[in-house]
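Everything below concerns the one structure shown next.
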Amino acid sequence: MNNSEIKHSLKLAGQLMELHGDNPFKTRSYTSAADVVGGLDVELATLSEKEILAIDGLGKSMAANIADLLHSGSFEGLNQLMDKTPVGVIEMLGISGFGPKKVAVLWQEGGAETLDDLLTMCDQGKVAALKGFAEKSQETLRAAVSFLIGNRFRERYANVEAVVATLQTLIADLPSVEQCQETGQTRRRLEVIDQIELLVVAEDFEEAREQISQLTGLEVDERKSSPMAWYGKHVGVKPPIKIHFADSDSAINRLIETTGSIEHLNLPTTDQTSIKSALKKGRFVSEEAFYQSIGMKPIVPELREGRREGDWATQDRLPQLIEMSDLKGILHNHSTYSDGKHTLRQMAEHCKQLGYEYLGISDHSQTAVYANGLPDFRVKQQQEEIRQLNEELAPFKIFSGIESDILTDGSLDYSEEILASFDFIVASVHSGLNMDIQKATDRLLKAIHNPYTTILGHMTGRLLVQREGYPVDHRAIIDACAETGVVIEINASPYRLDMDWRWIEYALDKGVKLSINPDAHKMDGYKDMYYGLQVARKGGLTANDNLNSMNLAEITAFFASKRNKK
DNA sequence: ATCGCAAACGATCTTAAAGGGAACTTTAA
């Protein structure tokens, strides 16, 4: 078990204790132990019991729980709590906006044991009748529960990536299988996956199907499976799996057919038919050969969504999509000054080691007390440390920034004097997320028009599969960024991937720059830029339109010119 | 349950918004 799994178990134990009305101080000790574990930069599995006991916030009981977790994947206290809580009620703890206390009422007073029970109770008006609930809460609950139910079989891309790779290898190694290739949504790098698809090349489909069904972890769904397709699922993986079969002659045709979205396959071709019907006219030896046969330049899988790629490919105007090697520096990162796991020095040295030219540090601002946000004097301390590190690490450069909360009224979180002391400012909303579209848009517009704002951070506050973002008028916001020269972040955390890639096209039309930012809270977090890059490519982003593709000299000039416009 | 001060025990404290219900509880960043 790794730290993040241990953290998850301790947090769950804390939530369940609160649900069952345990001593609040005992409850809190579990929650805070979970936080402590989350903040460690060394794996608990590598520590002795004595070393674990020496960690502040982890005492005798917690050390024993951790030992049990490492040994058996659970601990007695957690097992007991799980035993007396229905699975559906545990699922309710994930409802955004409703915590353990409210869930306890819904379960014990209202009798709900599943998410579906809750919807029924909302329909019957029974939720509004419960103590501590009323009309408004009932509707908020209905929306949050519907969202969770709608996402029951959907998963973030990053969480299925490894399973897809493992399955691919396992299946390719089966004696009856010639080749196994990723296709469908994951091949297109969609941010949320509701079906995993693979294409198997084999002579004898029947035999291949049977061997696949034998693989550990896979469960076949006999009813849905057919001679041409295996349907089923993998233990612990939410989206269902569909495996297509093809002989080697038709493999490329099947790959193209299963990779593109329906909208892509329906795109018109110059002969008045569609991609889909063109595929039926022959067997192709490569994807490139197929697209050329219909007068199109080859289209990479990420772009096959049925948007503008058909026209681009026909007119030879496909964008030169951004690549990892186009990223020259890393912006929007946290350190131990606020809620990051690693020190400023560690973050900088690691960034430099990876070959980047610069790092933009933007810890949380003072209002974010829960994240140890920086008051004025700590901003100054950090800037002094940055100055010293810059001397030492030159020519590598750390830019001093801040992730300033956009307060409820749309203003930033410091005085003019402090705001003016930063090289760049990421402005993001972190609190008061419950807004209508008018209020949210006005709040963001005011922040965009603040002359100190350099980058607009995670635009909608969404958490994929967990929580809907607040609604915003994307056009109005992008237009304002065009007017003010504010850069829009593509937050690369696989939980967010916000702004949504579907709006990149509009932003590029308006001449707005984007920035692929990892929002890293630890050194390892830099890797998330990969996920941001995938969705950026889906949106047609090129290196030219991406802020952190600038080299050090260019971005230094960019920050300076933005500051001089004030 | 943990910590700190002290030797068995007491204190444990982010804060603001929101909703429900008329002073407070719950939630979430």
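Small disclaimer: the values here were computed from a predicted structure and weren't measured.
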**Study point:** Verdict with supporting geometry, A:Asp473 and A:Arg475, salt bridge (charged side-chain N to carboxylate O under 4.0 Å, His left out)
**Key:** CA-CA 6 Å; A:Asp473 181 342; A:Arg475 282 198 177 78; over 6 Å; no

Review point. A:Phe25 on top of B:dT12's base, within under 5.5 Å and under 30°?
Key: yes

Review point. Starting at NZ of A:Lys11 and ending at C1' of B:dT27, how long is that distance when rounded to a whole Å?
Key: 12 Å

Check your understanding: Do A:Asp436 and A:Gln438 get their side chains close enough for a donor-acceptor pair, meaning under 3.5 Å?
Key -> no

Check your understanding: Which whole number of Å gives the distance between the P atom of B:dA11 and that of B:dA6?
Key -> 14 Å

Point to revise | Separation of B:dG4 P from A:Leu53 CG (nearest whole Å) | key: 14 Å

Check your understanding: Rounded to whole angstrom units, what separation is found between the CG atom of A:Asp405 and the P atom of B:dT14?
Key -> 18 Å

Practice item. Grab the NZ-P distance between A:Lys101 and B:dG19 for me, whole Å please. Key: 19 Å

Practice item. For B:dA17 versus B:dA7, give the span between their C1' atoms, rounded off to a whole number of Å. Key: 45 Å

Review point. With a non-hydrogen cut-off below 4.0 angstrom, is A:Ile55 in contact with a base, only sugar-phosphate, or nothing?
Key: sugar-phosphate

Exercise for review: Have a look at A:Ala368 and say if it touches a base, only the backbone sugar-phosphate, or nothing, with a 4.0 Å heavy-atom cut-off.
Suggested key: nothing

Check your understanding: Between A:Gln185 and A:Tyr157, do the side chains contain an N or O donor and an N or O acceptor separated by less than 3.5 Å?
Key -> no

Check your understanding: Atom CG of A:Asn372 to atom P of B:dT15: distance rounded to whole Å?
Key -> 13 Å

Review point. Looking across every strand, which nucleic acid part, if any, lies under 4.0 Å from A:Gly132 by heavy atom: base, sugar-phosphate, or nothing?
Key: sugar-phosphate

Exercise for review: Give a yes/no on whether any side-chain N or O of A:Ser32 is located under 4.0 angstrom from OP1 or OP2 of B:dA1.
Suggested key: no

Practice item. Take atom CZ of A:Phe98 and atom P of B:dT25, then tell me their distance rounded to the nearest Å. Key: 18 Å

Check your understanding: Which is true for A:Ser96 with a 4.0 Å heavy-atom rule: it touches a base, it touches only sugar-phosphate, or it touches nothing?
Key -> sugar-phosphate

Exercise for review: Send over the distance from A:His430 NE2 to B:dA17 C1', rounded to a whole Å.
Suggested key: 17 Å

Review point. Once you round it to whole Å, what is the distance between P of B:dA28 and OH of A:Tyr495?
Key: 16 Å

Review point. Quick one: which of B:dT14, B:dG20, B:dT2 gets closest to the side chain of A:Ser61?
Key: B:dT2

